[in-house]
Structures are given as C-alpha cells and as structure tokens.
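Worksheet: the structure to be examined is printed underneath.
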Amino acid sequence: QVQLVESGGGVVQPGGSLRLSCAASGSIRSIYNMGWYRQAPGKQRELVAFITNGGSTNYADSVKGRFTISRDNVKNTVYLQMNSLKPEDTAVYYCNVKGILATKLLSSFDSWGQGTQVTVSS
C-alpha cells in the first residue's frame, strides 16, 4: 500500500504564495507520474499540474506562469509552488502518484492524498 501525506495548505491573501508538499511512502518500486489536482465547491476535480519521471511538466492554462511543480525522487515527494494566488485558486488540493509497487513486480498503484485546503481571500 502507498500512502500520500499532504501539507502546506492554508489561508493567504491575493497575490501571496503557498508551497504544497506531498510525500509518498510504502512499498514503492518506482514512480511514474506525480500530479496535483484541485476541487472547488460545486465544481469537478481538475488537473492543476503533473510531472513525469523524466521531468516533463504540464499545467492547466489557468495556472501557467504562476505555479511550478517539482519532485524529489530521493524523498518521493512532489511539490507545488503557487505564486500570485487568486481567489479563484481557492479549492481543496489533492496530490496523485502513479507507479509500480515493490511488493509485486509489474503491480501498479494510483494513490491520492487526503487533500489540503487552499483559501485565497482578503
């Protein structure tokens, strides 16, 4: 089993910054993709950003130029640096990690974090 623990959420004023972290633990053989999703009240969960094992990144148009996703493969941790935050960024943010389990060869996993609240308000 793979567990994801998120941290870094909170309340920030418009224009401020937050840095989210998500650490994966468990019997992990390798990690393919790591990403961040968010869900605002009354809206569908949407992709914010993801990063591949090779370091390729992808961002939602709404956050391009403001957010940066990165990963630390030694710590099995993915980060989301959020700058120039806007009220519309308010949501619960979830991390997602896909990879291969160490307990069984070629057994994949797709794990989600518990979610962390980000509120952008004056």
**Message:** Within the 4.5 Å heavy-atom criterion, are Arg38 and Val63 side-chain neighbours or not?
**Reply:** yes
**Asked** Can you tell me how far the CD1 atom of Ile100 sits from the OG atom of Ser27, to the nearest 0.5 Å?
**Response** 13.5 Å
**Request:** Could you grab the distance from atom CZ of Phe50 to atom CG of Leu80, nearest 0.5 Å is fine?
**Result:** 13.5 Å
**Message:** Salt bridge check, Lys86 against Asp89: does any charged N sit closer than 4.0 Å to a carboxylate O?
**Reply:** no
**Request:** Check the hydrophobic clustering (I, L, V, M, F, W, Y; side-chain heavy atoms under 4.5 Å; chains of links allowed) and say if Val2 and Tyr37 are grouped together.
**Result:** no
**Request:** Go through Ser21 and Lys75 one step at a time and tell me if the side chain to side chain contact (heavy atoms under 4.5 Å, CB included) criterion holds.
**Result:** CA-CA 11 Å; Ser21 299; Lys75 297 181 178 180; over 6 Å; no
**Prompt:** Just wondering, more than 12 heavy atoms not from Gln44 lying within 6.0 Å of its CD?
**Reply:** no
**Heavy-atom check, side chain of Arg45 versus side chain of Trp112, under 4.5 Å** = yes
**Prompt:** Nearest 0.5 Å, what's the SG-CE distance between Cys22 and Met34?
**Reply:** 6.0 Å
**Residue from Asp110, Ile31, Thr77, Asn76 passing side chain to side chain contact (heavy atoms under 4.5 Å, CB included) with Val97** = Ile31
**Request:** List the steps, then state whether side chain to side chain contact (heavy atoms under 4.5 Å, CB included) holds for Gln81 with Ser17.
**Result:** CA-CA 7 Å; Gln81 179 65 49; Ser17 298; 4.0 Å; yes
**Prompt:** Picking from Leu20, Leu4, Ile69, what satisfies side chain to side chain contact (heavy atoms under 4.5 Å, CB included) with Val78?
**Reply:** Ile69
**Request:** Give a yes or no answer on whether the side chain of Arg71 reaches the backbone of Thr52 with a donor-acceptor pair at less than 3.5 Å.
**Result:** yes
**Asked** Between Gln117 and Val92, is a side chain to side chain contact (heavy atoms under 4.5 Å, CB included) present by the stated rule, with each step listed?
**Response** CA-CA 4 Å; Gln117 177 70 49; Val92 177; 3.3 Å; yes
**Prompt:** Looking at CG of Leu18 and OG1 of Thr116, how far apart are the two atoms once the value is rounded to the nearest 0.5 Å?
**Reply:** 8.5 Å
**Asked** Has the side chain of Asn96 got a donor or acceptor atom that lies under 3.5 Å from a matching backbone atom of Ser111?
**Response** yes
**Asked** If you look at every heavy atom in Pro14 and Ser122, which pair is closest and at what distance?
**Response** CD-N, 3.8 Å
**Prompt:** Hey, does the side chain of Gln114 reach the backbone of Glu6 with a donor-acceptor pair shorter than 3.5 angstrom?
**Reply:** yes
**Message:** Closer than 3.5 angstrom, by distance alone: can the side chain of Gln3 be matched with the main-chain N or O of Gln1 as a donor-acceptor pair?
**Reply:** yes
**Prompt:** Which atoms form the tightest heavy-atom contact between Ala49 and Tyr59, and what is the distance?
**Reply:** CB-CD2, 3.5 Å
**Heavy-atom pair with the smallest gap, counting every atom of Tyr94 and Gly113** = CD2-O, 3.7 Å
**Item:** Test item: Arg66 side-chain N/O and Ser84 main-chain N/O as donor-acceptor pair under 3.5 Å
**Value:** yes
**For Thr90 against Pro87, the heavy-atom pair lying closest together** = OG1-O, 2.9 Å
